[in-house]
Amino acid sequence: MAIVAHPDDIEFSCSGTLALWARAGARVSLVLCTSGDVGIAREDITRQEAAALREAEAQAAAEIIGATEIRFLREPDGSLQATLDLRRKLVREIRRFRPEVVITGDPTVVWAGDNYINHPDHRAASLAAIEAVFPAAGQPHVFEELAAEGLVAYKVRKVYVTNWSAGEVFICIDDTIECKIAALQAHKSQMGNWDVAKNIREWAAARGKDHGMNFAEGYKVVSLESDEDWAKYKGNVFGRS
Ligand SMILES: [Zn+2]
């Protein structure tokens, strides 16, 4: 399950990895906190129209990635906050889909290179995601009201934190780089004259070059459950003695 702020965040950060995992048979859920409704700066388009357009683009990209599903939480774009309400919504998604791995951004990143400030929505979505993963999703008495929806506590095994500049774990996306490029190109309203194929190849090549890969995506990986515990319980906290 990937949890991000906007349509296209997944495609930029981790779509090569998700496509790879989907091809290997993994179920993949894409959770978008906002529908990018302020992301089209044109006077002739309303926020509602922009959201509808961007959801359609995200849906097309999800199909290219091979995702099982895409979920739109429809929080306000440009004003996203890591509230308790958002945490509850994300816990609902996690308890429903029961992902082994959650991929999200790094909420501590403020400065990104010399010419970009990380969008506050990115930090909010990432913070809400990790607060939902741990400990909330796995605690039976947190958000107990979700039990009425048949959703019980569930422990995510690993968090993959997308990393723009470095990373510690590198996933080779040689086999899915074209898929990543095509998924980004599906976000037509965002790409303008930007040369997607050239730039994405350069970024992914820079990450892969020291690791024997033509193209890579980089992550920090946090393991919350040991391999042994996961094999025994598969995240089901009620199954434990
Ligand atoms: Zn974004």
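Every number for a ligand or one of its atoms is a count from 1 in the order of the listing. Computed over heavy atoms, backbone and side chain alike; hydrogens, waters and symmetry mates excluded.
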### Message
What protein N/O/S atoms are there under 2.8 Å from the Zn ion (ligand 1), waters excluded?
### Response
H6 ND1, D9 OD1, H122 NE2

### Message
If the threshold is 4.0 Å, N to carboxylate O, is there a salt bridge linking E69 and R96?
### Response
yes

### Message
Quick test of your reading of the model: are E225 and K232 salt-bridged, counting only N-O distances below 4.0 Å?
### Response
no

### Task
Could you walk me through whether E100 and K158 pass salt bridge (Lys or Arg N to Asp or Glu O under 4.0 Å), step by step?
CA-CA 7 Å; E100 183 176 352; K158 289 174 190 267; over 6 Å; no

### Task
Return the set of residues passing salt bridge (charged side-chain N to carboxylate O under 4.0 Å, His left out) with E145 (not counting sequence neighbours), or none when no residue passes.
R88

### Query
Are S189 and E57 close enough that a side-chain donor and a side-chain acceptor fall under 3.5 Å?
yes

### Task
Output yes when R54 and D8 qualify as a salt bridge under the 4.0 Å nitrogen-oxygen rule, no when they do not.
yes

